[in-house]
Protein chains: 2
Amino acid sequence: MTREERRRRTEAAILLAAQEQFAEQGFERTTIRSVAGQAGVDPALVMQYFGSKEQLFGASARWTVDHKMLGSATREELPATALADMFEGFEDDVQRREAALALLRNCLTHPSAAGVMRDDVMCEAQAAVAGTIGGDDAELRAGVLGACMIGVTIARYLLEIPALTGATREDLERVLLPALRQVVDPG
Amino acid sequence: MTREERRRRTEAAILLAAQEQFAEQGFERTTIRSVAGQAGVDPALVMQYFGSKEQLFGASARWTVDHKMLGSATREELPATALADMFEGFEDDVQRREAALALLRNCLTHPSAAGVMRDDVMCEAQAAVAGTIGGDDAELRAGVLGACMIGVTIARYLLEIPALTGATREDLERVLLPALRQVVDPG
DNA sequence: TCGTTGAGTCAACACCCGTGGAGTGGAGAG
DNA sequence: CTCTCCACTCCACGGGTGTTGACTCAACGA
């Protein structure tokens, strides 16, 4: 194994460990030392690669934004697509799950996470959604759609409310989809 | 002013300062020193009155739960009542707003805040809601209703998404109420 | 083979935080 | 007026954190 390859591999291990701990314990409660420990590396190396704890978190958040892929959809498909994206992002792929949780967990307490959440996830993605919704209230309806999705995601994957975690995908679709359709298409 | 009265007044000032800072900066970023400073008091006094930073936060969270008053409602009134409670709790009364924000801001990163949110706010309140909804999916529907409300609250008052903050109460009612009715009454 | 480069380590610094214990001064009781 | 009590303060400790600079050693190029 070449030196450069080895370096990229440890850098990726550090980032993965950081994402996991940011996702589980939040920004403030994860320490550079514990991330380095989980990655099997000296704390100073984390600093050398990422510059600071803040920039390490920034890299983690950027990873999430880079790897979010929202499927395009017509107005009728929008609610089902949104729900499918949630399931895919939070249940199917492991690293995407950790990265998304890391962003969501900290978006209420960490300034840059809040910024990413507001600007990249909500505003930017919602602009596209608003375009496919159309009409006067398009931005508001897109915002409400996103807000409801965030609320359900938080309740199911972060707070782990029994009523939500105990539901299957089909349960959620049955209860949630008619409501979301009412949001995107009031007619 | 009697001595006991003076004591209760400074204790209340400390609690209010704590609620404001917990609400704005989160648990980890607020320090006993800064709370004491805002209350015009020595940091040691905060410890003497509340025991620890953890218990200070617990008192703040308990205040929220004690002062939440969910209006009872029939199934038809449920969505409108939920929305009205949100407006009342987050816009009308100053201290209730700060207290509710303090709980909500930290419910993803602070264990005891998450516990209060899950057990007292979601589960307990939702049990009552599920009772008035009735039917097979009652718990799930109550959970989804609560999750959507939390999502909208977070988007509007914590993340401050423009599409949500720019909407009037009537706008929100017009967009959200039909969807919530679809949740509580699928027929 | 030998010097160089760079991945990775080690020990320590400086800072800030929560917390504890001794001390102070003014209000209340007699 | 005097003694007592208690709200309140001062100061310092111990621990944990992010961060740094000097160091080690194996891989690479000539």
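Model, not experiment: these values are computed from the prediction. First the proteins, then the strands, lettered A, B, ... as listed; each starts at 1.
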Nucleotide of [options] approaching [X] most closely (side-chain heavy atoms):
X	options	value
A:T31	D:dT17, C:dG18, D:dA7	D:dT17
B:M47	D:dC10, C:dG20, C:dT9	C:dG20
A:S52	C:dT19, C:dG20, D:dT19	D:dT19
A:L45	C:dT19, C:dC10, C:dG8	C:dG8
A:T2	D:dG21, D:dG18, D:dC28	D:dC28

Between [atom2] on [N] and [atom1] on [X], what's the gap in Å once rounded to a whole number?
X	N	atom1	atom2	answer
B:D42	C:dG18	CG	C1'	13 Å
A:E54	D:dT19	CD	C1'	14 Å
B:R29	D:dT17	CZ	P	16 Å
B:I32	D:dC11	CD1	P	20 Å
A:R6	D:dC25	CZ	P	18 Å
A:E5	D:dA27	CD	C1'	14 Å
B:I14	D:dA7	CD1	P	12 Å
B:K53	C:dG18	NZ	C1'	8 Å

Give a yes/no answer on whether the side chain of [X] brings an N or O atom under 4.0 Å of OP1 or OP2 in [N].
X	N	answer
B:Y49	D:dA7	no
B:T10	D:dC8	yes
B:R3	C:dG28	no

Base, sugar-phosphate alone, or nothing: which one does B:T30 contact when heavy atoms must sit under 4.0 Å apart?
->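 Since only primed, P, OP1 and OP2 atoms lie under 4.0 Å of B:T30, the category is sugar-phosphate.
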
Report which part of the nucleic acid B:R33 touches: base, sugar-phosphate, or nothing (heavy-atom distance under 4.0 Å, all strands).
->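 Base contact - B:R33 has a heavy atom under 4.0 Å of at least one base atom.
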
Using 30° and 60° as the class limits, which term best fits the ring planes of A:Y157 and A:F90: parallel, tilted or perpendicular?
->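 Correct class here is parallel.
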
Do NZ/NE/NH1/NH2 and the carboxylate oxygens of B:D137 and A:R174 come within less than 4.0 Å?
->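 A salt bridge links B:D137 with A:R174.
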
Given A:E98, A:Q95, A:E24, the one that forms side-chain hydrogen bond (donor to acceptor under 3.5 Å, both in side chains) with A:Q19 |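 That would be A:Q95; it is the only one of A:E98, A:Q95, A:E24 passing the side-chain hydrogen bond (donor to acceptor under 3.5 Å, both in side chains) with A:Q19.
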
Backbone N or O of A:W63 within a donor-acceptor pair of the A:K68 side chain at under 3.5 Å?
->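 Checked: no pair found.
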
Between B:E4 and B:P43, just flag the one whose closest nucleotide in DNA chain C comes earlier from the 5' side.
->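 By nearest-heavy-atom nucleotide position, the 5'-most residue is B:P43.
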
Want to settle it: does A:E28 or A:Q48 sit nearer the 5' end of DNA chain D, counting the closest nucleotide to each?
->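 By nearest-heavy-atom nucleotide position, the 5'-most residue is A:E28.
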
Geometric cation-pi criterion, A:R62 with A:F57: 6.0 Å, 45° =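 No.
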
